[in-house]
Every structure is written in C-alpha cells, then in structure tokens.
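A short write-up of the structure that comes next.
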Number of protein chains: 2
Amino acid sequence: MLQILSVIGDKWSILVIGQLRDGTLRFGELHRAVKGISQRMLTLTLRQLERDGLVTRTVHPSVPPRVDYALTELGTTLLDSVVALGHWATAHRQEITTHRRRYDAARRP
Amino acid sequence: MLQILSVIGDKWSILVIGQLRDGTLRFGELHRAVKGISQRMLTLTLRQLERDGLVTRTVHPSVPPRVDYALTELGTTLLDSVVALGHWATAHRQEITTHRRRYDAARRP
DNA sequence: CCGTATCCTCGTCGATACTG
DNA sequence: CAGTATCGACGAGGATACGG
C-alpha cells in the first residue's frame, strides 16, 4: 500500500500527470510546463510513471530526436483524482496560507 | 502552489487524514493505526496539519494526559479527494505491481 | 500518555558535464 | 533534443533518551 502511495505521494508525479491531461507532450514541453523540475527529476519521474503503466513513452527515430509522452488508460483513471486534488489545492490555497500565518504568529510573539 | 502540494504530497499526511475520517482519535490510537510511523513523524505530521488548519488538537488536562485529534471542516473537504485516491490505489494496486514486474523483467534479462 | 531534544544515517535531489 | 553519469549538499526521518 505504501508502494502505491509512492506513486501519488510524489509531487512531481502529480504535476506531470496533470500536464498530460490534454494529450501528448514532448520531453522538452514537459520540462518547460512543470516549473522548477530539473531535467534529472523529470527523467526519473517519467521512468517511474512508465514503469507503473501510467504513461507511454514513444521514441521517434528522427533528427533531432523526439520523444512523446502520454497517459495510458490507467493513467487517465488516476487523472480524475489528481484534478480533484488540484481543484482543492487552488480553491483552498488562500485559506491554508492564512491559517499558517495565524499559527506562526501565535507561536512567535 | 508547490507549498500546497506539500500538504498532500506527504504520504504520512494522507494516511493520517484517512484515519481521521471516522472521527476523533487519540495520539496513541493514531500511532497504532498508521503502521510504520514513528512517534516523531506522527508529531511533526500532526503539527503540520494543525498549522494548515486541517486538524484540531484538543488537550484534556488529565492524568494521564489525553490529546484528541479531529478533522476540521477544511480537512473534511480534503478527505473526499483523499478517499478517492485511496480507492484508486486499492483498486489498481495489483495492476500496477503487474506493470512493474513486466517492466523490470524486460530490462533485466 | 504525549510529547520534545539530540544525534546520526541514509536517500534524494540539483548542478554540471558529457553522449547519441 | 533527450537523455545518462557523477558528485556533493541537504534534509527527512529513525533511534534513543528524557520531561511534564
């Protein structure tokens, strides 16, 4: 069970899956879309997702090389929960930061 | 945005919130319910959740001491997404492990 | 019972440099 | 363009001991 949570408990995984909701993206496009992720972590995250059967990796033997990533059917089923989390996060972001400030203010007089 | 994902991107947070879905729990009860968590991490996780306004902490001044934790209204709204993730995880656990074995077998001949 | 305080150890991640 | 390799720093987190 903890093994499965590691799939979704990784923030990069969630963000990458979220980006793939509208269809196929290239490596570089993902790199630009997911702000703050390093090339290394993007590679590792995609490998992980591919290993778990959540995304497909398609290499086009061209020059320059082109690699496309897309959600599998299994990945799409997860997407619903992920977007729900995304909605929750954006909906309550302000509320949470307010709580944090209040909490910190109470403990640092 | 990444700050908010840190709330749910932590596996302990997710597990703790999941345990609180049926109501109030004491510290020790949570400690036993969430398998594998250390006392230290449970404390830190609960402080984090309290700081974010997802959990209330109620100290009963008795001997021995008793501390109850419960979800706030905000925490309950998150619970829906969390249980959705939980359902997804249990529903596809087998499928994912199968993918993993297949992937590993293909790369380790 | 419910913590806090230390210490110490792993793994994780970013930076950088280099290939096909 | 899309990676792989290497390294070094950093912090999460377990173990332990102790306090209210």
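A quick note: this is a predicted structure, and the numbers were derived from the prediction, not measured. Chain letters run A, B, ... following the sequence lines, proteins first, then strands; residues in each count from 1.
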Would you say A:Arg40 reaches D:dA5's phosphate, i.e. side-chain N/O to OP1/OP2 under 4.0 Å?
-> no
Whole-Å distance separating the [atom1] atom of [X] from the [atom2] atom of [N]:
{"X": "A:Arg47", "N": "D:dA2", "atom1": "CZ", "atom2": "P", "answer": "12 Å"}
{"X": "B:Leu44", "N": "D:dG11", "atom1": "CG", "atom2": "P", "answer": "15 Å"}
{"X": "B:Gln39", "N": "D:dA12", "atom1": "CD", "atom2": "P", "answer": "19 Å"}
{"X": "A:Leu30", "N": "D:dA2", "atom1": "CG", "atom2": "C1'", "answer": "12 Å"}
{"X": "A:Leu46", "N": "D:dA2", "atom1": "CG", "atom2": "P", "answer": "11 Å"}
{"X": "B:Asp10", "N": "D:dA12", "atom1": "CG", "atom2": "C1'", "answer": "10 Å"}

Is there side-chain contact between [X] and [Y], with at least one heavy-atom pair below 4.5 Å?
{"X": "B:Leu30", "Y": "B:Leu20", "result": "yes"}
{"X": "B:Trp12", "Y": "A:Leu5", "result": "no"}
{"X": "B:Tyr69", "Y": "B:Glu29", "result": "no"}
{"X": "B:Leu46", "Y": "B:Leu42", "result": "yes"}

The single option from B:Arg102, B:Arg107, B:Arg100 passing side-chain contact (heavy atoms from CB on, under 4.5 Å) against A:Arg51 | B:Arg100
Where the side chain of B:Arg21 meets the backbone of B:Gly18, is there a donor-acceptor pair that is under 3.5 Å apart?
-> yes
Contact interval (first through last nucleotide) of DNA chain C with protein chain B, 4.0 Å heavy-atom | C:dC1 to C:dT6
